[in-house]
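Working notes for the structure below.
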Amino acid sequence: MIHQPGAFVFAAAAAAASTRRVLLSGLSPSNPLPPLTVRLLHGRLLRLDLIADLSHFLPRALSSSGLHLHALSLHSLFPDPSHLTLPFALKSASRLSNPLPVGEQLHAHSLKLPSHSNPHVLTSLLNLYAKCGLLDHARRVFDEMPCPSTVSWTALIAAYMNAGHDREAVTTARDAFASGMRPDSFTAVRVLTACARVVDLDTGEAVWRAAEREGITSSVFVATAAVDLYLKCGEMAKAREVFDKMPEKDAVAWGAMVGGYASNGHPREALELFFAMQAQGVRPDCYTVAGVLSACTRLGALDLGRQAVGVVDKDEFLDNPVLGTALINMYAKCGSTGEAWVVFQQMRKKDIIVWNTMVSGLGMTGHGKTAFALVGQMEKSGMKLNDNTFIGILCSCAHTGLVKDGRRYFRNMIQLYHIVPRLEHYGCMVDLLSRAGLLQEARQLINDMPMQANAVVWGALLGGCKIHRDTELAEHVLKQLILLEPRNSGNYVMLSNIYSNSNRWEDAANLRLDMKAKGVEKVHAYSWVEFGGKVHEFCVGDKSHPLMDQIYKKLDELGMEMKNMGYKPTTDVVMFDVEDEEKEQTLVHHSEKLAIAFCLLSTEPGEAIRVTKNLRVCTDCHTAIKLISRIAHREIIVRDNNRFHCFRDGCCSCNDYW
């Protein structure tokens with residue numbers, strides 16, 4: 001302790017001088033305040049007049065360096081804190097584990113000062129109350145500002161967003177622009193992000209136009225936020241236009257565009273952009289790779305997916321649940337359940353999403369019993385089953401016809417796990433019962449549901465009607481589907497076929513006219529296969545593929561061999577299964593058959609064939625592919641929009657249950 005006044009003045013002056021040097025060279029953990037300065041601060045002995053012009057800079061330096069208690073201690077020494085020091089004291093208070101008591105004291109003290117109405121002080125108060133979750137207090141502080149600045153508006157918008165109130169954030173942004181606020185880059189990013197979250201294209205585009213007027217659209221952060229907005233709103237062309245005009249693109253911007261293509265049903269474009277990203281030498285982050293794997297999953301492009309995996313260190317997949325989940329999902333949905341299982345077993349970090357993905361992957365590929373065993377492992381490992389776990393289990397039951405198991409799991413979910421069934425759970429149960437021929441029980445379940453059935457639930461019942469040829473119930477279901485999905489051509493076509501099969505020609509004609517009047521067009525059936533680093537697409541009547549003549553010739557050869565084995569085209573399935581592939585001669589040239597013939601011509605003998613189709617495989621194709629697998633001695637894996645079929649030696653993994 002310093003006893004003599006002269007010594008104290010000397011020590012304080014020395015402390016002030018050394019403090020000045022530290023502050024001017026940059027305060028940091030490696031360049032801290034001098035020990036004597038800290039002692040004097042704690043003892044409230046430092047004469048602030050000795051550091052004169054640094055008296056306002058010191059609180060800022062302390063706060064910015066994370067020395068929040070020191071900053072608050074120093075602030076308490078000021079007899080009359082100014083608008084320059086009070087904001088940093090409030091900032092330091094907001095960083096405390098319990099900021100409210102100190103913040104309220106500072107607020108009460110500020111009311112006695114002339115600087116209280118200063119916008120910097122009020123904005124800092126707003127941020128403090130927002131950090132405490134007191135949005136009403138934050139709003140009242142904001143309303144005290146006679147002319148809020150851009151920073152103040154942005155602080156309020158950010159407060160709403162951080163609390164998950166994105167619609168309020170967008171409403172506030174509209175008010176801000178109506179008041180004449182001119183956005184800076186930070187404001188534009190926040191508002192564009194909020195608009196993306198609530199899919200508000202109009203407000204988002206208004207913000208983007210304002211950003212253009214302010215000349216801030218060249219910022220990679222602003223442009224990426226705009227790209228994300230357009231992607232979330234499904235405006236792919238506008239997103240790509242903004243992306244292409246960006247003067248600089250970082251990994252986040254590339255990843256947003258790649259992921260946007262994948263999530264909006266443009267897997268080819270996602271892959272093309274990913275390869276362009278690699279050509280530019282930009283290293284993808286985990287979310288970009290996850291988006292690419294999603295695109296490969298949609299196309300069934302297993303080899304391209306493996307190629308994408310090669311750009312990331314294996315340990316990242318094993319330690320990152322996001323990447324691991326995407327990889328497991330891709331392997332499973334490309335029919336390589338074994339590889340999915342290996343990745344799952346090797347993963348060092350498994351959250352509930354990883355477990356659920358593996359359960360679903362096993363279920364969709366017909367490994368229902370293994371999925372049940374994995375659920376048992378989940379419980380033994382201490383992982384708590386959630387609603388998505390039961391969706392995977394119930395789907396497994398539906399695909400394998402395990403009605404008793406499905407009923408038991410559905411009952412246990414409610415009674416033992418206290419999970420309230422969602423629409424998806426009811427949909428799985430309707431699917432399970434419908435496939436098993438329990439159509440009236442499935443219909444009764446729909447009637448007893450506490451919510452209105454959607455198109456997926458009615459579609460599950462329709463699937464049972466297809467399998468078990470219940471035309472009367474199918475007509476009722478299709479009328480419901482047309483009400484729910486007035487733009488879905490498949491529903492109209494199927495109902496028209498039912499009318500035609502029942503000789504109700506006038507009803508069929510009227511339905512076709514109604515379809516035409518509404519501008520509803522049929523969805524064309526497509527099938528994809530991957531070969532030579534490219535995805536090859538096939539559809540009925542398309543002769544653009546360079547090998548199409550050879551493909552048709554191969555199908556004719558297979559047709560002759562199948563007829564020798566007793567095969568006859570299943571023309572009676574036209575009513576239920578065929579949409580734009582409606583006539584007997586086109587049954588021979590369905591898109592999946594074209595894809596399989598191409599693979600037989602292009603791949604090595606014995607190599608597995610993987611086909612992805614956008615519509616349900618018809619009964620005739622299912623029968624034909626079983627025979628082709630025997631003739632060609634190939635494993636043929638077909639994933640349609642309904643499930644997996646693994647054909648081997650004349651049999652299918654679904655056991656003709658789909």
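Both backbone and side-chain heavy atoms feed into the values below; hydrogens, waters and symmetry mates do not. Just so we're clear, the structure is a prediction, and the values are computed from it rather than from any experiment. For this chain, numbers begin at 1 and follow the sequence in order.
One finds the OG1 atom of T619 at 6.0 Å from the CZ atom of R616 (value rounded to the nearest 0.5 Å). With rounding to the nearest 0.5 Å, the separation of CE in M429 from CE in M449 is 12.0 Å. Atom CG of L558 is separated from atom CD1 of I596 by 9.0 Å, given to the nearest 0.5 angstrom. To the nearest 0.5 Å, atoms CG (N510) and CZ (R512) are separated by 12.5 Å. Separating the SG atom in C395 from the CZ atom in F390 is a distance of 13.5 Å, to the nearest 0.5 Å. Taking CG from L231 and OG from S263, the interatomic distance works out to 7.0 Å, rounded to the nearest 0.5 Å.
Remark: side-chain polar atoms of R639 are paired, donor with acceptor, to backbone N or O of K333 under 3.5 angstrom. Side chain of N356 to backbone of G392: no donor-acceptor contact under 3.5 angstrom is found. Counting only distance, with no hydrogens or angles, the side chain of R435 and the backbone of A460 share no donor-acceptor pair below 3.5 Å. At least one donor-acceptor pair closer than 3.5 Å links the side chain of H425 to the backbone N or O of D387. In this structure a side-chain-to-backbone donor-acceptor pair under 3.5 Å is missing from Y526 to T612. Side-chain atoms of S527 come within 3.5 Å of backbone N or O of E592 as a donor-acceptor pair. Within the 3.5 Å criterion, the main-chain N or O of L302 finds a donor-acceptor partner in the side chain of E530.
Heavy-atom minimum distance, A453 versus L423: CA-CD1, 4.3 Å. Closest non-hydrogen pair, S629 versus G650, comes out as OG-N, 3.0 Å. When all heavy atoms are compared, the tightest approach of H468 to A436 is NE2-C, 3.8 Å. When all heavy atoms are compared, the tightest approach of L432 to C397 is CD1-O, 3.4 Å. Here the shortest heavy-atom pairing between V457 and G427 reads CG2-CA, 3.9 Å. Between C621 and H590, the shortest heavy-atom contact is SG-ND1, 3.1 Å.
Looking only at side-chain heavy atoms (C-beta outward), V430 and W458 stay at 4.5 Å or farther from each other. For the pair V311 and V292, the minimum side-chain heavy-atom distance is 4.5 Å or more. By the 4.5 Å heavy-atom criterion applied to side chains, V312 and N320 are not counted as neighbours. Side-chain contact between L615 and D640: absent, with no pair of heavy atoms (C-beta onward) separated by less than 4.5 Å. Contact check for N329 versus L293: no side-chain heavy atoms found under the 4.5 Å cut-off. The shortest side-chain heavy-atom distance between L481 and N488 does not fall under the 4.5 Å cut-off. Using a 4.5 Å cut-off on side-chain heavy atoms (C-beta onward), Y331 and C296 make no contact. Side-chain contact between M378 and I352 is present, with heavy atoms from C-beta onward closer than 4.5 Å.
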| task | Determine, stepwise, if the pair M383 / T389 fulfils side-chain contact (heavy atoms from CB on, under 4.5 Å). | result | CA-CA 11 Å; M383 188 68 65; T389 311; over 6 Å; no

| field | M277 and M257: CA distance, side-chain angles, deciding distance, side-chain contact (heavy atoms from CB on, under 4.5 Å) verdict | value | CA-CA 10 Å; M277 176 183 182; M257 198 68 227; over 6 Å; no

| query | Please walk me through it: do L594 and Y552 pass side-chain contact (heavy atoms from CB on, under 4.5 Å)? | reply | CA-CA 8 Å; L594 295 172; Y552 282 132; 3.7 Å; yes

| task | For side chain to side chain donor-acceptor pair (under 3.5 Å), just list the numbers for D431 and S434, CA-CA rounded to whole Å, side-chain angles, deciding distance to a tenth of an Å, and then say yes or no. | result | CA-CA 5 Å; D431 191 27; S434 300; 6.0 Å; no

| field | Residue pair W254, F274: steps toward the ring pair (Phe, Tyr, Trp, His ring centres under 6.0 Å) verdict | value | CA-CA 8 Å; W254 282 96; F274 176 70; 9.7 Å; no

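Of the listed residues (V322, V289, I328), just one forms a side-chain contact (heavy atoms from CB on, under 4.5 Å) with F317, and that residue is V289.
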Acceptor/donor pairs from residues 604-611 side chains to any protein atom, 3.5 angstrom cut, sequence neighbours excluded:
unit_1 : atom_1 : unit_2 : atom_2 : d
E607   : OE1    : E604   : N      : 3.3
R610   : NH1    : C334   : O      : 2.8

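Between the side chains of T623 and D620, no donor N or O sits under 3.5 Å from an acceptor N or O.
Under a cut-off of 6.0 angstrom, the local environment of CD in Q345 is crowded, with over 12 non-hydrogen atoms contributed by other residues, nucleotides or ligands. Around atom CZ of F275, more than 12 heavy atoms belonging to other residues, nucleotides or ligands sit under 6.0 Å away. The 12-atom threshold is not exceeded at CE of M560, counting heavy atoms of other residues, nucleotides or ligands nearer than 6.0 Å. K553 NZ: 12 or fewer foreign heavy atoms inside a 6.0 Å radius.
Aromatic rings of H545 and F538 (six-membered ring for Trp) have centroids within the 6.0 Å cut-off, being under it.
Under the side-chain hydrogen bond (donor to acceptor under 3.5 Å, both in side chains) criterion, Y261 pairs with R240, not counting sequence neighbours. By the side-chain contact (heavy atoms from CB on, under 4.5 Å) test, E424 is found to be paired with I391, R422, residues two or more places apart in sequence or in another chain being considered. Considering only residues two or more places apart in sequence or on other chains, T325 meets the side-chain contact (heavy atoms from CB on, under 4.5 Å) condition with I353, V354, T357. For I414, the side-chain contact (heavy atoms from CB on, under 4.5 Å) partners two or more places apart in sequence, or in a different chain, are F410, P421. Every residue two or more places apart in sequence or in another chain that forms a ring pair (Phe, Tyr, Trp, His ring centres under 6.0 Å) with F372 is listed here: Y409. Y417 meets the side-chain hydrogen bond (donor to acceptor under 3.5 Å, both in side chains) test with E379; sequence neighbours excluded. Every side-chain contact (heavy atoms from CB on, under 4.5 Å) that E475 has, sequence neighbours left out, goes to K479, L495, Y499, R504.
Ring planes of H645 and F647: parallel class, angle under 30° (limits at 30 and 60°). In this structure, W355 and F344 have perpendicular ring planes: the angle between them is above 60°, well past the 30° mark.
Sorted by first and then second residue, the salt bridge (Lys or Arg N to Asp or Glu O under 4.0 Å) pairs involving residues 359-368 (not counting sequence neighbours) form an empty list. Pairs of residues two or more places apart, or lying in two chains, that qualify as side-chain hydrogen bond (donor to acceptor under 3.5 Å, both in side chains) and include a residue from residues 364-378 are T337-T365, T365-H367. Sorted by first and then second residue, the pairs that involve residues 289-306 and meet side-chain hydrogen bond (donor to acceptor under 3.5 Å, both in side chains), not counting sequence neighbours, are D303-R306, R306-E339. Within the structure, every pair that satisfies the salt bridge (Lys or Arg N to Asp or Glu O under 4.0 Å) test and touches residues 440-458, not counting sequence neighbours, is listed here: R407-E441.
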